[in-house]
Number of protein chains: 2
Amino acid sequence: MASHARRSQTVKVRDVAREAGVAIGTVSRVLNDHPTVTRELRERVERAMAHLGYEVDVTAQSMRAGRSRLVACAIRDFDIPRFALFIKEAEAVLREAGYTLLLASTTNRPDVEIALLSAFRRRRVDGVMMTLTDEQHRDVREALSEAPMPVLLIDRDRIEALDRVTADHRQGARLATGHLLGLGHRRIAVLVGDTKAFPSRSRLEGLREAYAAAGVVPDPRLLRDNVLSSEEAYRATASLMSLADPPTALFVAAMDMLGGCLRALRTMGIAVGDGISVVAGSDSDLAELHTPPITAIAWDLAAMGRHAATMLLERMRGEEIERGRGLTVPTELIIRGSTRPVAN
Amino acid sequence: MASHARRSQTVKVRDVAREAGVAIGTVSRVLNDHPTVTRELRERVERAMAHLGYEVDVTAQSMRAGRSRLVACAIRDFDIPRFALFIKEAEAVLREAGYTLLLASTTNRPDVEIALLSAFRRRRVDGVMMTLTDEQHRDVREALSEAPMPVLLIDRDRIEALDRVTADHRQGARLATGHLLGLGHRRIAVLVGDTKAFPSRSRLEGLREAYAAAGVVPDPRLLRDNVLSSEEAYRATASLMSLADPPTALFVAAMDMLGGCLRALRTMGIAVGDGISVVAGSDSDLAELHTPPITAIAWDLAAMGRHAATMLLERMRGEEIERGRGLTVPTELIIRGSTRPVAN
DNA sequence: AGTTATAAATGAACCGATTCATTAGCTCCA
DNA sequence: TGGAGCTAATGAATCGGTTCATTTATAACT
């Protein structure tokens, strides 16, 4: 059967060197595209490699060279709609540059984030892109500052001199809130996610700015924060709509809670558009194809992924670039049928 | 600045050994829970490790031990709705067992699949779970048979003696088709994905079985296969609905094409339920919350991910288990408002 | 021709763990 | 008391590459 014998007679640089009649170091230089190797010798070595079916052992390379050609990405959860676009594009850019993507989920727990950073260090990961549950968490910040490899923050606040890519959630929330206020809504319910993290905080800022600009004072009882899952969104929506004086509009200001809200509205027999105006904090097939289609904040997650990977690669190359660069992708409001002028 | 110095004074087994006053080999045995080490010494070594802040270098471990504690997962595309559930659960199981997940997308190209297998080999990846674009592809099959580590197929046909986890797409398609036929539909349009791969083939089988059971002969012009993206689904739907004798039902028999179909129907002003009955090949928020809600085939992707990881772990442990195990998760049909008796 | 400068190739040492043949230390018993 | 039988600890060799000080070959110049 010989099931999974590995050790046995795999071809090594030594064998290639012997076959090509050159020194081991020369084979290595060919592998690494060193300039000081003549074309003739390079070809002879390459022929020997092809002939013997040589495959370089990345582990051994990492061992000596100190770099693993691994880049890690750690986010709260994989199944956030459209976030896959970020990962997909980042992976493509990284693969193009010869790196492999390592994926992990933090499940929104700082201790897991710390453990992951340590695991990445032990693996000699060359670069990390990640979200954080709580930018202020002391131990996480300490772990970040002790990380021997560059770390890029995904949609998080500035920390020390780390690079970051973000979406302009403040702008998005301001547009969305302004739109609802413009339609005459005054009782606007808002669901936001974890306020310990940048996106929710920015959205709240945008919200306040829009209120201030309109000279309207929001009702704090209509704000539900730290809503983290579709299930919690369901419960929050149900409780909001059961208030004696229920909201006329609902702003679902997070990436993955729209389903829960719509389910609650449906259960309660409240019609989107007619009974309540709804804005989604991120666009999706669901928002677009709902009846009526749902007004949503949109931004280019694929571009974010590309930029994140590109910036991280630059940093990993150790180029002389200023530290703590930030890149923000703009957000826009796509107005659809779910938002209408307030009744009467 | 000392930006990312790594080399400098990291703690090694050597240092721990000196600090604890033991041999290097003893430190290694403590690290690996070897039974032949006294409690007293173990504690002394552990104290030294804690004191020095020692972290084992996984690369060096892989170098010598031959295993990397990496498991790779390669699928067509990350942004298939709900597929994230598979990955999420698999990663959780693997992490629990001390493995790290490596992620890559094949973009549905056999040459990429072959390149990935080679990359995994070079990294000494301990196990692989993947889909295949074309189970019959000669070079891919050769690459699979030459893989030195166990490979588990995700939702693919039996190949050699590889383990596999699948969903019972045949059953799902049979239920869906039977349901439509039972409602009186005779002109049922079907969109399936890549027929070179197991899921589409099984769905077509289930389809044929349902037709045969009902004694009905399908119109081959209503079948569109190798529809791979939302955009192609849009075009296929538009073309089908433009036929002189358009279908009365549409079975979207794939994981990620529902959005495209619904977009086409909306553009053409065709009402789901009234104008055409629709069945989705996989369930989603979109299917559930659409108006009307869309009848869908559902199965437990999270369970699939768990099983895949568990089976692969067993195989990696080299346990004496029969080769070529297969696990199939059942599918069910969730009947909703989008499927109605055929008009007149 | 002789000297120097330059370019190309060599191969031993090294990266940081694990492994295993060997040694040290004990216990037990004739 | 001495030897057999064990268990626990030791540390040199090893994994498969890369690196760099050194050697060798070639070109350039006086």
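Here is the naming used below: chain letters follow the sequence lines, and residue numbers restart at 1 for every chain. A quick note: this is a predicted structure, and the numbers were derived from the prediction, not measured.
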Let me check something: any side-chain donor-acceptor pairs from residues 145-156 of chain B under 3.5 Å, sequence neighbours excluded? List them with distances.
residue  : atom : partner  : partner atom : Å
B:Ser145 : OG   : B:Glu142 : O            : 2.9
B:Asp155 : OD1  : B:Ala167 : N            : 3.1
B:Asp155 : OD1  : B:His169 : NE2          : 3.1
B:Asp155 : OD2  : B:His169 : NE2          : 2.7
B:Arg156 : NE   : B:Leu132 : O            : 2.6
B:Arg156 : NH2  : B:Leu132 : O            : 3.1

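Under the salt bridge (Lys or Arg N to Asp or Glu O under 4.0 Å) criterion, B:Arg325 pairs with B:Asp163, B:Glu314, sequence neighbours left out. Taking B:Asp300 as the reference, nothing meets the salt bridge (Lys or Arg N to Asp or Glu O under 4.0 Å) condition, with sequence neighbours excluded. Not counting sequence neighbours, B:Thr107 has no partner by the side-chain hydrogen bond (donor to acceptor under 3.5 Å, both in side chains) test. For A:Lys88, the salt bridge (Lys or Arg N to Asp or Glu O under 4.0 Å) partners at least two apart in sequence or on another chain are B:Asp77, B:Asp79. Contacts of A:Phe83 classified as ring-ring contact (aromatic ring centres under 6.0 Å, His included), with partners at least two apart in sequence or in another chain: A:Phe86. Remark: A:Arg47 engages no residue in a salt bridge (Lys or Arg N to Asp or Glu O under 4.0 Å) (not counting sequence neighbours).
Using a 4.0 Å heavy-atom distance criterion, B:Thr38 is classed as a sugar-phosphate-only contact. Heavy atoms of A:Val37 sit under 4.0 angstrom from primed sugar atoms or phosphate atoms, though from no base atom. When heavy atoms are screened at a 4.0 angstrom cut-off, A:Val27 is found touching no nucleic acid atom at all.
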Name the pairs: protein N/O against N/O of nucleotides 24-27 of chain D, kept only if under 3.5 Å.
none

Restricting to nitrogen or oxygen on both sides, can you table the protein-nucleotides 10-14 of chain C pairs closer than 3.5 Å?
residue : atom : partner : partner atom : Å
C:dT10  : OP2  : A:Ala23 : N            : 2.9
C:dT10  : OP2  : A:Thr26 : OG1          : 2.5
C:dC14  : O2   : A:Arg64 : NH1          : 2.6

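The distance between atom CG of B:Leu31 and atom C1' of C:dT19, rounded to the nearest whole Å, is 14 Å. If you measure from atom CG of B:Asp15 to atom P of C:dC15, you get 12 Å, rounded to the nearest angstrom. Rounding to whole angstrom units, CZ of residue B:Arg124 and P of D:dG16 are separated by 6 Å. Here the P atom of nucleotide C:dT18 and the CZ atom of B:Arg14 are 13 Å apart, to the nearest Å. Distance, A:Arg18 CZ to D:dG16 P: 13 Å, rounded to whole Å. B:Asp33 has its CG atom 11 Å from the P atom of C:dT18, to the nearest Å. One can place NZ of B:Lys12 at 15 Å from P of C:dT18, the figure rounded to the nearest angstrom. With rounding to whole Å, B:Met63 atom CE is found 14 Å from C:dT19 atom P.
Side-chain proximity of B:Gln61 to the nucleotides C:dG16, C:dA17, D:dG17 is greatest for C:dA17. Side-chain proximity of A:Ala60 to the nucleotides C:dA8, D:dG16, C:dG16 is greatest for D:dG16.
Proximity of A:Val45 to A:Val37: side-chain heavy atoms (C-beta onward) are nowhere separated by under 4.5 Å. Within the 4.5 Å cutoff, side-chain heavy atoms of B:Met311 are placed close to those of B:Leu327. Residues B:Val329 and B:Val165 fail the side-chain proximity criterion, which asks for heavy atoms closer than 4.5 Å. Side-chain contact check for A:Thr310 versus A:His307: every heavy-atom pair is 4.5 Å or farther apart. Counting heavy atoms from C-beta outward, B:Ser105 and A:Arg95 have side chains that approach closer than 4.5 Å.
Taking each heavy atom of A:Ala104 and B:Glu91 in turn, the nearest pair found is CA-OE2, 3.1 Å.
OP1 or OP2 of D:dT18 sits under 4.0 Å from a side-chain N or O of A:Ser28.
Looking at residues 44-54 of chain A, you'll see A:Tyr54 sit with a heavy atom under 4.0 Å from some atom of DNA chain D.
For the salt bridge (charged side-chain N to carboxylate O under 4.0 Å, His left out) condition, the pairs that include at least one residue of residues 18-37 of chain B, sequence neighbours left out, are B:Asp15-B:Arg18, B:Asp33-B:Arg42.
An end-to-end axis angle of 60° holds for the helix from C:dA1-D:dT30 to C:dA30-D:dT1, taken from five base pairs per end and rounded to 10°.
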